[in-house]
Amino acid sequence: MLKVALLGAGRIAKVHAKHIDDNPDSVLFSVSGHSSESAKKLAEKYHAKVLSVEEAINHPEVDIVLIATPNDTHADFARQAARAGKAIFCEKPIDLDIERVKACVKVIKDSGVPFMVGFNRRFDPNHAGLQQALSEGAIGKLEHVQINSRDPSPPPAESFPDSGGIFRDMTIHDFDMARFLLQEEPVSVFAMGAALVNPEIAAGGDLDVISITLQTASGKLVTINNSRRSGYGYDQRVEAHGQLGSLQVNNVPSTTVIKMTEDHGIQSQKPLYSVLDRYYDAFNGQWKAFIAAVKDHKPVPVTAEDGLKALLLAEAAIESYKTKKVVSITL
């Protein structure tokens, strides 16, 4: 049984705690949180200890450190855990600063510990099925991928200063999804954006509606459309177009009930509203994959290098938006 030290006691940490507890090969050993009260409540729920971050990372019984703390703490905690010889699961991003990420990746490589980044969408059955179909040549040579990712509503205003901005905080998932589906690295990026949704986002110097085009050396294109607001639910759609046709992943509705009447036409249910509902299976699947890799001493499916490359794409997109030019990048 692999014992897990959970760093963080917020919303995403609670999701991880459940999947740790549900997995027959892992157990929640301890919780460390900025708020001692929230850490205590979460630890009590799963009969775990409450430890400081330092105590948890260096505890001799801990096998795995799961980092679900604020973004600007990830790299420091990851380096500490790597030097302590612990396996590490880290929520995205590894850090908001490229140089700090590179330094962290070096420590992880030198330590040789398993390290996995939390790009959960790779483990969504729908996206994984799309990727498998592409790999099997279901639509022949891939030509274009379109990713639509729109949040139901903007995040709380207090989260803006620490988020790193929409490219690093939100689109980073879509950059990883693009790489996952392409199986070929993008070599150029062009980004446009605006602040149309929330005046507080604009006042903070960030964007809330963006469109990005990526291109690979062979010419494959990816279009990413993001918005901080949909109004109708968590909009998560992907289309892959190739020489023989297309593959699509559509939104998951709250129910599959469809109403058909003469007066009102055909009506279906809205997409699931919460990221935690839409990607419940993905969060569970990524933890299973990580535990299996650690247990069987096999490579993790999403590496520190994947985290670095997604952030490099985010930085290139930011440069493109600011300069209004296509930016070349080597991953």
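What you see is a predicted model; the values in this text were computed from it and never measured.
Of all non-hydrogen atoms in A191 and I212, the two that sit nearest each other are CB-CG1, 4.0 Å. The nearest pair of heavy atoms linking A56 to L7 is CB-CD2, 4.2 Å. Considering all non-hydrogen atoms of both residues, A217 and V187 come closest at N-CG2, 3.7 Å. Residues L28 and A17 approach most closely at CD2-CB, 4.1 Å, considering heavy atoms. Across all non-hydrogen atoms, the minimal contact from V300 to P114 is CG1-CB, 4.2 Å. Closest approach of S211 and T223 over heavy atoms only: OG-CG2, 4.4 Å.
Between D63 and K86, none of the side-chain N atoms (NZ, or NE/NH1/NH2) sits under 4.0 Å from a carboxylate O, so this pair counts as no salt bridge. Under a 4.0 Å N-O distance rule, the pair R168/E315 qualifies as a salt bridge. Here D306 pairs with R179 in a salt bridge; the nearest charged N to carboxylate O distance falls below 4.0 Å. The pair E55-K49 does not meet the salt-bridge criterion, since no charged nitrogen lies less than 4.0 angstrom from a carboxylate oxygen. For R278 and D124, the salt-bridge test passes: some basic side-chain N is under 4.0 Å from an acidic carboxylate O. The residues K92 and D169 are annotated as salt-bridged, a charged nitrogen and a carboxylate oxygen being separated by less than 4.0 angstrom.
The OG atom of S246 sits 5.0 Å away from the CD atom of E239 when rounded to the nearest 0.5 Å. Distance CZ/R121 to CD/Q286: 11.5 Å, rounded to 0.5 Å. From Q80, atom CD reaches atom CG of N58 across 7.5 Å, with rounding to the nearest 0.5 Å. Taking OG of S32 as the start and CG of L66 as the end, the distance is 11.0 Å to the nearest 0.5 Å. The CG atom of L308 sits 14.5 Å away from atom NZ of K106, with the distance rounded to the nearest 0.5 Å. To the nearest 0.5 Å, atoms CH2 (W287) and CZ (F89) are separated by 7.0 Å.
When the shell of 6.0 Å around CE of M192 is examined, it contains 12 or fewer heavy atoms from other residues, nucleotides or ligands. A 6.0 Å sphere centred on CD of Q132 holds no more than 12 heavy atoms belonging to other residues, nucleotides or ligands. Environment of NE2 in H34: sparse, with no more than 12 heavy atoms of neighbouring residues, nucleotides or ligands closer than 6.0 Å. Environment of CD1 in I266: sparse, with no more than 12 heavy atoms of neighbouring residues, nucleotides or ligands closer than 6.0 Å.
Checked by atom type and distance alone, the side chain of H74 pairs as donor or acceptor with a backbone atom of P93 at under 3.5 Å. In this structure, the side chain of Q269 does not engage the main chain of P253 through any donor-acceptor pair within 3.5 Å. Formation of a donor-acceptor pair under 3.5 Å by the D296 side chain with backbone atoms of K298 is not found in this model. Without hydrogens or angle criteria, D208 side chain to S227 main chain gives no donor-acceptor distance under 3.5 Å. Counting only distance, with no hydrogens or angles, the side chain of D72 and the backbone of L96 share no donor-acceptor pair below 3.5 Å. With S320 contributing its side chain and V326 its backbone, the two residues share no donor-acceptor pair below 3.5 Å. Of the possible polar contacts, none joining the D206 side chain to the I201 backbone as a donor-acceptor pair under 3.5 Å is found. Under the 3.5 Å distance criterion, the side-chain polar atoms of D235 are left unmatched by any main-chain donor or acceptor of S230. Side chain of D97 to main chain of R100: a donor-acceptor pair is present (N/O by atom type, distance under 3.5 Å, no hydrogens or angles).
In this structure, the side chains of E305 and K109 come closer than 4.5 Å at one or more pairs of heavy atoms. Looking only at side-chain heavy atoms (C-beta outward), Y234 and Y279 come within less than 4.5 Å of each other. Residues S38 and L42 fail the side-chain proximity criterion, which asks for heavy atoms closer than 4.5 Å. Side-chain contact between V65 and L6 is absent, with no heavy atoms from C-beta onward closer than 4.5 Å. Residues N284 and K288 form a side-chain contact, since some pair of their non-hydrogen atoms from C-beta on lies under 4.5 Å apart. You'll find the side chain of R237 stays beyond 4.5 Å of the side chain of Q248, heavy atoms only. Here the side chains of T303 and V117 are not in contact, with every heavy-atom distance at 4.5 Å or above. Residues D25 and V294 are not in side-chain contact: their nearest non-hydrogen atoms beyond the backbone lie 4.5 Å or more apart.
In this structure, a donor-acceptor pair under 3.5 Å is absent between the side chains of T171 and D174. Side chain to side chain, E91 and H16 meet the donor-acceptor criterion of an N or O pair below 3.5 Å. In this structure, a donor-acceptor pair under 3.5 Å is present between the side chains of E184 and S218. If you check the side chains of H173 and S149, you find no donor sitting under 3.5 Å from an acceptor. Under the 3.5 Å distance criterion, with hydrogens and angles disregarded, no donor-acceptor pair is assigned to the side chains of E37 and S35. Judged by distance alone, the side chains of N225 and N148 do bring a donor and an acceptor atom under 3.5 Å apart.
Placement of F180 and I329 within a single hydrophobic cluster is found when ILVMFWY residues are connected by side-chain heavy-atom separations under 4.5 Å, directly or transitively. I12 and I172 are assigned to two separate hydrophobic clusters, defined by single-linkage of ILVMFWY side chains at heavy-atom distances under 4.5 Å. F123 is not connected to V275 by any chain of hydrophobic side-chain contacts under 4.5 Å among Ile, Leu, Val, Met, Phe, Trp and Tyr, and they are in different clusters. Under the 4.5 Å side-chain heavy-atom criterion for ILVMFWY residues, a single connected hydrophobic cluster contains both M170 and F119. I147 and L331 fall within a single hydrophobic cluster, where Ile, Leu, Val, Met, Phe, Trp and Tyr are joined by side-chain heavy atoms under 4.5 Å apart, directly or via other members.
Remark: aromatic rings of F29 and H59 are close, center separation under 6.0 Å. Taking the centre of each ring, Y280 and H19 come in below the 6.0 Å mark.
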Q.
Between V222 and L182, is the side-chain contact (heavy atoms from CB on, under 4.5 Å) condition met? List the steps.
A. CA-CA 9 Å; V222 178; L182 285 171; 3.6 Å; yes
Q: Kindly indicate, with the supporting measurements, whether the criterion side-chain contact (heavy atoms from CB on, under 4.5 Å) is fulfilled by I224 and N226.
A: CA-CA 7 Å; I224 298 172; N226 286 157; 3.9 Å; yes
Q) Step by step, would you call E143 with L221 a side-chain contact (heavy atoms from CB on, under 4.5 Å)? A) CA-CA 6 Å; E143 297 168 356; L221 291 170; over 6 Å; no
Q. For V27 and I20, what are the C-alpha separation, side-chain angles and deciding distance, and is it a side-chain contact (heavy atoms from CB on, under 4.5 Å)?
A. CA-CA 6 Å; V27 62; I20 292 167; 5.6 Å; no
Q: Check the pair T73 / D76 against side chain to side chain donor-acceptor pair (under 3.5 Å), numbers first and verdict last.
A: CA-CA 6 Å; T73 65; D76 287 340; over 6 Å; no
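A cation-pi arrangement is found for K324 relative to Y321, the charged atom lying closer than 6.0 Å to the ring centre and inside a 45° cone about the ring normal.
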